[in-house]
Amino acid sequence: MPSVLKAQIAEPYRTRTDRYTDVPPRPYASAPATVRPYADPVIDPRLVARARASFDAHRNSLRSIDVVGIADFSKASGESRFYLLDTNSGRVTRHLVAHGRGSDPEHTGFLQRFSNAPGSEATSSGGYVTTEFYPGRYGRAMRVRGLDYTNSNAESRAIVVHSAWYAEPQVAAMQGRLGRSEGCFAFSYQSLQEVLARLGPGRFLYADRA
């Protein structure tokens, strides 16, 4: 039986054509759920509500709805502010994630602004769909596609999910903050392995401030 969280995100079902692979169509939700959002209280409920609204608006673009990623960029980069949310159980795992240098020019550790502009080297807010794995300069990585006007240039800006030395926990422990990316979602090597395994192609990722 679906959990409360599964019901609020994933029912009722109907099928569609899968745009990423040739496997049989998978179900997705066709109408907003009526129950109140539920998630681990570690995630700000205001952010959960906005992520839920974005998920509902973009669900036709998603292949899988078992796991979603939520980045809370109102928190400092030295805090675990990226959440992998299991929609069946409500279980959440937390990870460090870096923001773009264009979002924090003085390297305060706090995101100051979002930008979708090419060349900004900033983090963009909004909903994303994960697309494909590829071998990047940091090793195995994953591309994302922006679903909103606030992140519509994600693909042309080469915004991806990857690991980086400056996103390792030791950096946060020594400096009180992570280093900065060029707008990508940069994780520690260990965190990236879980992110790639659980938030693979066709899933939803949301980034914003509470």
Worksheet item: When clusters are formed by joining ILVMFWY residues with side-chain heavy atoms under 4.5 Å apart, either directly or through shared neighbours, do V68 and V144 land in the same one?
Response: no

Discussion item. When you compare the side chain of E155 with that of I159, does any pair of heavy atoms fall below 4.5 Å?
Written reply: no

Worksheet item: Can you find a heavy atom in the side chain of R143 that is under 4.5 Å from one in the side chain of V161?
Response: no

Worksheet item: How about T130 and F204: do any of their side-chain heavy atoms sit closer than 4.5 Å?
Response: no

Worksheet item: So, F187 versus F82, ring centres under 6.0 angstrom or not?
Response: yes

Discussion item. On a heavy-atom basis, which atom in A210 and which in R46 lie closest, and how many Å separate them?
Written reply: CB-NH2, 3.8 Å

Practice prompt. Work out which heavy atom in S54 is nearest to a heavy atom in G127; give both atom names and the distance.
Written response: OG-CA, 3.8 Å

Response to the item:
CD of Q193 to CG of L196, rounded to nearest 0.5 Å, is 6.0 Å

Discussion item. Quiz question: by atom type and distance under 3.5 Å, do the side chains of S124 and N153 form a donor-acceptor pair?
Written reply: no

Worksheet item: Has the side chain of Q112 got a donor or acceptor atom that lies under 3.5 Å from a matching backbone atom of F110?
Response: yes

Worksheet item: With a 4.5 Å heavy-atom cut-off, do D72 and D44 have their side chains touching?
Response: yes

Worksheet item: What are the two closest heavy atoms between H107 and G179, and how far apart are they?
Response: NE2-CA, 3.9 Å

Worksheet item: Sub-3.5 Å donor-acceptor pair from the side chain of N151 to the main-chain atoms of A154, do we have one?
Response: no

Worksheet item: Is the closest side-chain donor-acceptor distance between R180 and S103 under 3.5 Å?
Response: no

Worksheet entry | Short side-chain donor-acceptor distance under 3.5 Å, D148 and T150 | no

Fill in: L85-L192 co-clustered via ILVMFWY side chain contacts under 4.5 Å
no

Fill in: Least distance between heavy atoms, A167 atom then A186 atom
CB-O, 3.6 Å

Worksheet entry | Straight-line distance of E168 CD to S191 OG, nearest 0.5 Å | 8.0 Å

Worksheet item: Does a sphere of radius 6.0 Å around CD in E194 hold more than 12 heavy atoms from other residues, nucleotides or ligands, not counting ones at 6.0 Å or beyond?
Response: yes

Worksheet item: Is there side-chain contact between R81 and F73, with heavy atoms separated by less than 4.5 Å?
Response: yes

Worksheet item: Do the side chains of M142 and E132 get nearer than 4.5 Å, heavy atoms only?
Response: no

Discussion item. Is the distance between the ring centroids of Y189 and Y138 under 6.0 Å?
Written reply: no

Worksheet item: Distance under 6.0 Å and angle within 45° of the ring axis: does R140 meet both against F133?
Response: yes

Worksheet entry | Cluster check L147, I70: I/L/V/M/F/W/Y, side chain < 4.5 angstrom | yes

Item to complete: Inspect the surroundings of CZ in R94 and state if more than 12 heavy atoms from other residues, nucleotides or ligands are less than 6.0 Å away.
Response: no

Worksheet entry | Single-linkage hydrophobic cluster F185~L84, side-chain heavy atoms < 4.5 angstrom | yes

Worksheet item: Stepwise, does the side-chain contact (heavy atoms from CB on, under 4.5 Å) test hold for L178 with L96?
Response: CA-CA 8 Å; L178 298 181; L96 294 169; 4.0 Å; yes

Discussion item. Within this structure, what is the OG-CZ distance for the pair S156 and R145, rounded to the nearest 0.5 Å?
Written reply: 13.0 Å

Practice prompt. State the NZ-CG distance between K75 and L47, to the nearest 0.5 angstrom.
Written response: 9.5 Å

Worksheet item: Hey, does S80 have a side-chain heavy atom less than 4.5 Å from the side chain of H95?
Response: no

Worksheet item: With the threshold set at 4.0 Å, does a side-chain nitrogen-carboxylate oxygen contact exist between D66 and R203?
Response: yes

Worksheet item: Looking only at heavy atoms, which two atoms of T93 and R198 are closest? And how far apart?
Response: OG1-NH1, 3.3 Å

Worksheet item: Does any non-hydrogen side-chain atom of R63 lie less than 4.5 Å from one of V129?
Response: no

Practice prompt. For the pair R209 (side chain) and L111 (backbone), establish whether a donor and an acceptor sit closer than 3.5 Å, ignoring hydrogens and angles.
Written response: yes

Discussion item. When you group the ILVMFWY residues by side-chain heavy-atom contacts below 4.5 Å and let the links chain together, are F55 and V67 in the same group?
Written reply: no

Worksheet item: Is the closest side-chain donor-acceptor distance between H99 and T123 under 3.5 Å?
Response: no

Worksheet item: What are the two closest heavy atoms between A158 and C184, and how far apart are they?
Response: O-SG, 3.6 Å

